[in-house]
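Working notes, structure below.
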Amino acid sequence: MNKLTWLDKQILNILQKEFPLSEKPYEEIALRLNISENEVLQRIKELKDNGIIRRIGAVMESKKLGFYSTLCACKVPEDRIAKVALVINNEKGVTHNYIRDHYYNLWFTLTVSSAESADKIIKNIEQELHIDIKSMPALKVYKIKVLFEMGETDAL
Amino acid sequence: MLYDKIDLEIIKLLQKEIPLESRPYLRLAEQLGISEAEIVRRIKVMKDKGVIRRFGATLNHRKAGFTINAMVGWKVDLSIADQAGSIMASFNEVSHCYLRDVPKEFGYSMFTMIHTYSEEKLGEIIQKISNGTGIDDFKVIRTIKELKKTSMVYY
């Protein structure tokens with residue numbers, strides 16, 4: 001990874017925290033950083049091309065859209081993980097799926113239109129793959145803030 | 001009403017990418033046949049109502065330097081869950097903190113996602129959380145491999 005410059009970090013912080021809602025958002029960022037709009041566009045393009053920025057868009061609040069989400073965990077024999085993951089990942093509502101170092105070694109998130117729909121999908125996967133899935137829906141959310149403040153430490 | 005049909009069309013577009021050009025909202029507005037001012041106004045309203053949780057860039061945190069990412073499960077007594085949750089949430093390095101309905105045999109019902117740049121720092125944060133909440137039964141559950149990571153496409 002190329003080391004990020006001070007300017008890159010400033011741009012990343014603004015893009016994450018306060019993407020302007022004005023006619024020319026990139027020009028507004030440029031004015032704040034005292035550079036040209038073209039330079040901002042160019043820097044962002046590079047940050048996207050090298051994969052540091054995944055996406056610039058909206059993150060929706062699934063609950064407010066009426067959706068239900070849950071974290072699922074299961075124990076899958078090592079030699080079956082690839083096949084099991086393929087089936088799970090194929091599900092549209094599965095957004096994250098990780099192998100983790102725990103007795104339950106496969107963890108995925110499922111976001112769908114209702115709790116009933118989640119139960120049905122989980123049951124189908126269990127039957128198709130002969131695995132036992134533990135669904136762990138949130139009872140309370142204390143924080144969701146996926147925001148990475150850049151430049152707080154020298155390491156970044 | 002939290003959102004209407006036009007908002008839904010806007011959500012569909014914003015789930016993808018905001019164009020990287022001088023007047024991105026104008027471009028999006030043209031696709032929907034509404035004015036630039038109208039789309040900006042509607043995005044603001046959805047943000048204020050919390051339908052849009054966050055508006056802007058999502059980073060690949062590993063590539064951005066946050067190389068140590070751990071899920072930590074905490075065995076919390078329900079009577080102190082709120083107090084513990086707010087202490088955990090107060091840490092900058094904690095991105096998610098949820099109390100979950102977990103199977104008894106698992107038991108770690110409070111989940112935190114911690115992102116930082118060194119193992120040493122991770123250990124420090126966990127120790128601080130443990131000291132602050134008084135919870136000493138916890139489990140660090142690390143990612144071995146990412147098999148899927150996408151943004152949810154609702155519509």
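Note on naming: letters A, B, ... go to the chains in the order of the sequence lines (proteins, then strands), and numbering restarts at 1 for each one.
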Salt-bridge contact A/E61-B/R54 (side-chain N to carboxylate O under 4.0 Å): no

Do the side chains of A/L15 and B/L59 get nearer than 4.5 Å, heavy atoms only? no

Given B/M46, B/E105, B/M113, B/K121, the one with more heavy-atom pairs under 4.5 angstrom with chain A than any other is B/E105

side-chain contact (heavy atoms from CB on, under 4.5 Å) evaluation trace for B/K149 with A/T109: CA-CA 10 Å; B/K149 182 158 188 182; A/T109 55; over 6 Å; no

Sort by residue number and list every member of residues 134-141 of chain B having a non-hydrogen atom under 4.5 Å from chain A. B/K139, B/V140, B/I141

Listed by residue number, which members of residues 132-144 of chain A have a heavy atom under 4.5 Å from any heavy atom of chain B? A/K134, A/S135, A/M136, A/P137, A/A138, A/L139, A/K140, A/V141, A/Y142, A/K143, A/I144

Heavy-atom pairs under 4.5 Å with chain B: which of A/K145, A/K92, A/M60 has the most? A/M60

For chain B, which candidate among A/V40, A/L86, A/T111 shows the most heavy-atom pairs at distances under 4.5 Å? A/T111

Among B/R62, B/H61, B/K63, which residue meets the side-chain contact (heavy atoms from CB on, under 4.5 Å) test with A/I52? B/K63

Chain B contact via A/L47 - side chain, backbone, both or neither, heavy atoms under 4.5 Å: neither

What's the separation between atom OH in B/Y98 and atom OG in A/S69, rounded to the nearest 0.5 Å? 6.5 Å

Under a 4.5 Å cut-off applied to non-hydrogen side-chain atoms, are B/N60 and A/I53 in contact? no

With the side chain counted from C-beta on, respond yes when A/Y26 and B/P24 share a heavy-atom pair under 4.5 Å apart, and no when they do not. yes

May I ask you to decide if B/R23's main-chain N or O and A/K24's side chain share a donor-acceptor pair within less than 3.5 Å? no

Okay, side chain of A/R55, backbone of B/I18: is any donor-acceptor separation there less than 3.5 Å? no

Residue part contacting chain B, namely of A/K48, when any heavy atom lies under 4.5 Å: side chain

Under 4.5 Å, heavy atom to heavy atom, which residues of residues 93-107 of chain A contact chain B? A/G93, A/V94, A/T95, A/H96, A/N97, A/Y98, A/I99, A/R100, A/D101, A/H102, A/Y104, A/L106, A/W107

When you look at A/L21 and B/K47, which way does the side-chain contact (heavy atoms from CB on, under 4.5 Å) test go after all the steps? CA-CA 11 Å; A/L21 275 162; B/K47 257 185 89 178; 3.9 Å; yes

Can you see whether B/S22 engages A/E27 through a side-chain donor-acceptor pair at a distance of less than 3.5 angstrom? no

Using side-chain contact (heavy atoms from CB on, under 4.5 Å) as the criterion, list what pairs up with B/S79, not counting sequence neighbours. B/D77

